[in-house]
Amino acid sequence: MKVTDTLVQCLENEGVEYIFGIPGKETLDLIDSLSNSKQIQFVNVRHEQGAAFMADVYGRLTNKVGVCLSTLGPGATNLLTGISSAKLDHSPVVALTGQAALGRQHKESHQYMDIIKMVEPATKWRV
């Protein structure tokens, strides 16, 4: 069993029905695990910001957790406006992002960003 299978199982246990997002290299295992879920439907969107707003609105309308997914680096920064809005609206939103390997941390890669630190002021909790 892969870690992403366990993550999908945890999301199913929490009643997640939809994940709005854009697949990327770092999230392909998760997308593969989601394809085996009978409960969670992945909704491919055109922009990460749209995914975050969709998760926000879904959470507000249903009182269920809205989940959004992005790729790493710039993809994760595109979630920021939507998840900031969700925090201000007290919407139940979980944002998942890809991340570059730690070996790329100090290599001036435009794909590596400290996502945890970046979203700190816009989220209630982050790991």
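Computed from a predicted model, the values in this text were never measured in an experiment. Worth knowing before you read on, the calculation uses all heavy atoms, side chains too, and leaves out hydrogens, waters and symmetry mates.
- Between the side chain of Ser84 and the backbone N or O of Leu80 there is at least one donor-acceptor pair closer than 3.5 Å.
- Between the side chain of Gln49 and the backbone N or O of Thr81 there is no donor-acceptor pair closer than 3.5 Å.
- Looking only at distances, a side-chain donor or acceptor of Asp5 sits under 3.5 Å from a matching main-chain atom of Lys2.
- When hydrophobic clusters are built by joining Ile, Leu, Val, Met, Phe, Trp and Tyr residues whose side-chain heavy atoms come closer than 4.5 Å, directly or via intermediates, Val67 is grouped together with Leu7.
- The closest side-chain heavy-atom distance from Tyr58 to Phe20 is below 4.5 Å.
- Heavy atoms from other residues, nucleotides or ligands lying under 6.0 Å from CD of Glu14 number 12 at most.
- Taking the side chain as every heavy atom from C-beta outward, Ile22 and Val45 approach each other to under 4.5 Å.
- Residue Tyr18 is not grouped with residue Val16 when hydrophobic side chains (ILVMFWY) are merged at heavy-atom distances under 4.5 angstrom, including chains of intermediate members.
- Nearest heavy atoms, Ser37 versus Ile40: OG-N, 2.9 Å.
- Between the side chain of Ser91 and the backbone N or O of Val93 there is no donor-acceptor pair closer than 3.5 Å.
- Between Ser70 and Glu48, the shortest heavy-atom distance links the atoms CB-CG, 3.5 Å.
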(Q) Show, in sequence, the C-alpha distance, side-chain angles and deciding distance for Cys68 and Leu79, and conclude whether the side chain to side chain contact (heavy atoms under 4.5 Å, CB included) test is met. (A) CA-CA 8 Å; Cys68 53; Leu79 289 179; 3.9 Å; yes
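- No chain of hydrophobic side-chain contacts below 4.5 Å, direct or via other Ile, Leu, Val, Met, Phe, Trp or Tyr residues, connects Ile83 to Val94.
- Contact annotation: the side chain of Ile31 approaches that of Leu69 to within less than 4.5 Å [non-hydrogen atoms, C-beta and beyond].
- Residues Leu30 and Leu28 form no side-chain contact, since every pair of their non-hydrogen atoms from C-beta on lies 4.5 Å or further apart.
- Proximity of Leu11 to Ile19: side-chain heavy atoms (C-beta onward) are separated by under 4.5 Å at one or more points.
- Both Leu96 and Val65 are assigned to one and the same hydrophobic cluster, defined by single-linkage of ILVMFWY side chains at heavy-atom distances under 4.5 Å.
- The backbone N or O of Glu17 sits nowhere less than 3.5 Å from a side-chain atom of Gln39 that would complete a donor-acceptor pair.
- Across all non-hydrogen atoms, the minimal contact from Pro23 to Asn44 is CD-OD1, 3.3 Å.
- Counting only heavy atoms from C-beta outward, the side chains of Thr97 and Leu72 never approach each other to under 4.5 Å.
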